[in-house]
2 protein chains.
Amino acid sequence: MDSKDISQAVVSRLPRYHRFLSELKDQGIERISSAELSDLMHVTASQIRQDLNNFGGFGQQGYGYNVDYLYEEIGHILGLDMRHNLIIVGAGNLGQALANYVNFDRRGFHTKGLFDSDPHMQGVIVRNMPVRPMSELEDFIRENSIDIAVLTIPKEAAIEVADRLIGCGIKGIWNFAHIDLDVPPNVRVENVHLSDSLMKLSYNLRDLG
Amino acid sequence: MDSKDISQAVVSRLPRYHRFLSELKDQGIERISSAELSDLMHVTASQIRQDLNNFGGFGQQGYGYNVDYLYEEIGHILGLDMRHNLIIVGAGNLGQALANYVNFDRRGFHTKGLFDSDPHMQGVIVRNMPVRPMSELEDFIRENSIDIAVLTIPKEAAIEVADRLIGCGIKGIWNFAHIDLDVPPNVRVENVHLSDSLMKLSYNLRDLG
DNA sequence: GATACTTTGTGAAATTTTTGCCAAGCAGAT
DNA sequence: ATCTGCTTGGCAAAAATTTCACAAAGTATC
């Protein structure tokens, strides 16, 4: 149904549509036209229609889009109706912050375990979960059907850990380490390079009063 | 010197160049051609040359690019040689994680203060800084020449806080709240929507064995 | 049920981004 | 000092993305 060759530019916009539709739902709004959504989101109505049409016709002439239906459909496209089991590798500040992030559960992303190589961190409890040693990584992944790993470790360790994760069948890596991971074609990496983002902000601040 | 109409697509790639050049520097490599860098980074050599040429000719025929020089130049383009004073608004897990992130200091981003609306957080020490009440926000910004605010608060509070920040002259907002901020044209927002990123990973995992 | 209005889906145009290509020019060897 | 080979800078082509524009098809009203 969902075809394969959707550009990442389009995919990147889907979560934002999903977010705005969620807001509209909360406000009890039942229908919306691409023109209204366009005003709200500050993108062209044409782009909205074009984006959605990549996945099928969700609207109706003369009516617009049903908010609930479109919300559900985009959620489905994004795979939010699937269950994902995560582990967090690296129980530092960022790893703990993500572990405590409740909203991920609501979207079907369930954190099942935390790992850290630091002996002092072993057994520390984060959100009812003990921090585990790296030696337990492989067994834990297999026993708990983990499909996504969150990498919140220094770049020096990232490649080696990524290889171990891939070795035991991890399919998705949410990478917060400041390094590019080279992975086989059947593994997906989504990078969150915070420094890069901050540098971008810095650039955009350059020529400002 | 740096012209105004550089596309954000190009800007987004600069931090990655900067990162790779940093690695090359660490390895003691003095010069590199666009072709070699192309192999390393998995982008076309043509794109590298095109990107860099937006800001001037940093290379030399028959030689390539001097690693140190190019690193410095990109750092300069990104404004990394300027000093930025930050505050973090929202001293939850994520805010604290960012406060403890040492690398930002090395790039000229100095965290000067932390704020939180929760009375229980007042005075808690994070990286030698006391968490301050929101009532001190305006005075603190003015007295410490703060130009960037990091927003790590729930979306419900984000718009109001952003307005206060803008009101006292904040120029850049690094926004981690799951909401779009509407700001005047002389204020720059860089969004880090973690949920969006995770949803993108989810999408890309859909049709995988 | 007919009419007027609204709004989608979509092909085509416009724009932006990326890639290909090569003359110009520097480096390094002799 | 000259020659050979390498590599950039920049123009042109190609590809991708975004916007335009409108027929088709529905809604709402009378």
Side-chain angles (χ1 to χ4, degrees), chain A residues 1-17 20-21 24 29-74 77 200 203-204, chain B residues 1-17 20-21 24 29-74 77 200 203-204:
Chain A
M1 185 193 248
D2 306 337
S3 86
K4 190 74 60 51
D5 47 0
I6 306 292
S7 86
Q8 286 296 304
V10 174
V11 176
S12 299
R13 285 192 292 266
L14 293 180
R16 186 152 179 267
Y17 294 137
F20 273 85
L21 288 165
L24 290 169
I29 294 170
E30 278 181 16
R31 53 181 270 192
I32 192 157
S33 69
S34 59
E36 292 169 303
L37 198 52
S38 158
D39 279 348
L40 213 55
M41 298 185 63
H42 303 114
V43 295
T44 63
S46 200
Q47 180 165 72
I48 294 171
R49 294 202 299 277
Q50 193 93 325
D51 281 351
L52 298 178
N53 259 96
N54 280 300
F55 304 97
F58 301 128
Q60 232 164 25
Q61 286 98 328
Y63 176 90
Y65 298 88
N66 178 282
V67 172
D68 275 19
Y69 174 65
L70 187 55
Y71 175 81
E72 289 303 323
E73 283 299 315
I74 294 180
I77 292 164
K200 218 169 128 199
Y203 174 88
N204 287 317
Chain B
M1 184 193 243
D2 305 337
S3 84
K4 191 73 62 52
D5 47 359
I6 306 292
S7 87
Q8 287 295 305
V10 173
V11 176
S12 299
R13 285 192 291 265
L14 293 180
R16 187 153 178 266
Y17 294 136
F20 274 85
L21 288 164
L24 290 169
I29 293 169
E30 279 181 17
R31 54 181 270 194
I32 192 157
S33 69
S34 59
E36 290 169 304
L37 198 52
S38 159
D39 279 349
L40 213 55
M41 296 185 65
H42 302 113
V43 296
T44 63
S46 201
Q47 180 164 72
I48 293 171
R49 293 203 299 274
Q50 191 93 327
D51 282 350
L52 297 178
N53 260 96
N54 280 300
F55 304 97
F58 301 129
Q60 235 165 24
Q61 287 97 329
Y63 177 89
Y65 298 87
N66 178 283
V67 172
D68 276 18
Y69 174 65
L70 188 55
Y71 175 82
E72 289 304 322
E73 284 298 316
I74 294 180
I77 292 165
K200 220 170 127 199
Y203 174 87
N204 286 318

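Residue numbers begin at 1 in each chain, while the letters A, B, ... track the order of the sequences. These numbers come from a predicted model, not from an experiment.
- By the ring pair (Phe, Tyr, Trp, His ring centres under 6.0 Å) test, B:Y17 is found to be paired with no residue, residues two or more places apart in sequence or in another chain being considered.
- Helix-axis bend for the helix from C:dG1-D:dC30 to C:dT30-D:dA1: the local axis fitted to the five terminal pairs at one end deviates from that at the other end by 30°, rounded to 10°.
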Show the distances under 3.5 angstrom between N or O atoms of the protein and N or O atoms of nucleotides 26-28 of chain D.
residue: D:dA28; atom: OP1; partner: A:R31; partner atom: NH1; Å: 3.0

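- In this structure A:F58 satisfies the side-chain contact (heavy atoms from CB on, under 4.5 Å) test together with A:L52, A:F55, A:Y65, A:Y69, A:L70, A:E73, A:I77, sequence neighbours excluded.
- The main-chain N or O of B:M41 is found under 3.5 Å from a side-chain atom of B:R16 such that the two form a donor-acceptor pair.
- Sorted by first and then second residue, the side chain to side chain donor-acceptor pair (under 3.5 Å) pairs involving residues 31-46 of chain B (not counting sequence neighbours) are B:S33-B:E36, B:S34-B:R49.
- Rounding to whole angstrom units, CD1 of residue B:I32 and P of D:dT8 are separated by 10 Å.
- Between the P atom of D:dT7 and the CG atom of B:L70 lies a distance of 16 Å, rounded to the nearest Å.
- Qualifying side-chain contact (heavy atoms from CB on, under 4.5 Å) partners for A:S7, counting only residues two or more places apart in sequence or in other chains: A:A9, A:V10.
- The side chain of A:R49 contributes no N or O atom lying less than 4.0 Å from OP1 or OP2 of C:dG9.
- Look at B:Y65 and you'll find a side-chain N or O under 4.0 angstrom from OP1 or OP2 of D:dG9.
- In this view, B:F20 satisfies the ring pair (Phe, Tyr, Trp, His ring centres under 6.0 Å) rule with no residue, not counting sequence neighbours.
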Would you list the protein and nucleotides 16-19 of chain C atom pairs, both N or O, that sit under 3.5 Å from each other?
residue: C:dT18; atom: OP1; partner: B:R13; partner atom: NH1; Å: 3.0
residue: C:dT18; atom: OP2; partner: B:R13; partner atom: NH1; Å: 3.2
residue: C:dT18; atom: OP2; partner: B:R13; partner atom: NH2; Å: 2.8
residue: C:dT18; atom: O5'; partner: B:Q47; partner atom: NE2; Å: 3.4
residue: C:dT19; atom: OP2; partner: B:T44; partner atom: OG1; Å: 3.0
residue: C:dT19; atom: O4; partner: B:Q50; partner atom: NE2; Å: 3.1

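- One finds the CD1 atom of B:I32 at 4.5 Å from the CG atom of B:L24 (value rounded to the nearest 0.5 Å).
- Across the protein-nucleic acid pair, B:L37 atom CG and D:dG9 atom P stand 13 Å apart, rounded to whole Å.
- The distance from atom CG of A:L52 to atom C1' of C:dT8 is 11 Å, rounded to the nearest whole Å.
- One can place CD of A:E36 at 13 Å from C1' of C:dT8, the figure rounded to the nearest angstrom.
- Take B:N53 and apply the side-chain contact (heavy atoms from CB on, under 4.5 Å) test, not counting sequence neighbours, and it matches no residue.
- We find that CG of A:N53 is positioned 12 Å from C1' of C:dG11, with the value rounded to whole Å.
- The distance from atom CD1 of A:I48 to atom P of C:dT8 is 9 Å, rounded to the nearest whole Å.
- A 4.5 Å side-chain heavy-atom check between B:I48 and B:D51 finds every atom pair outside the cut-off.
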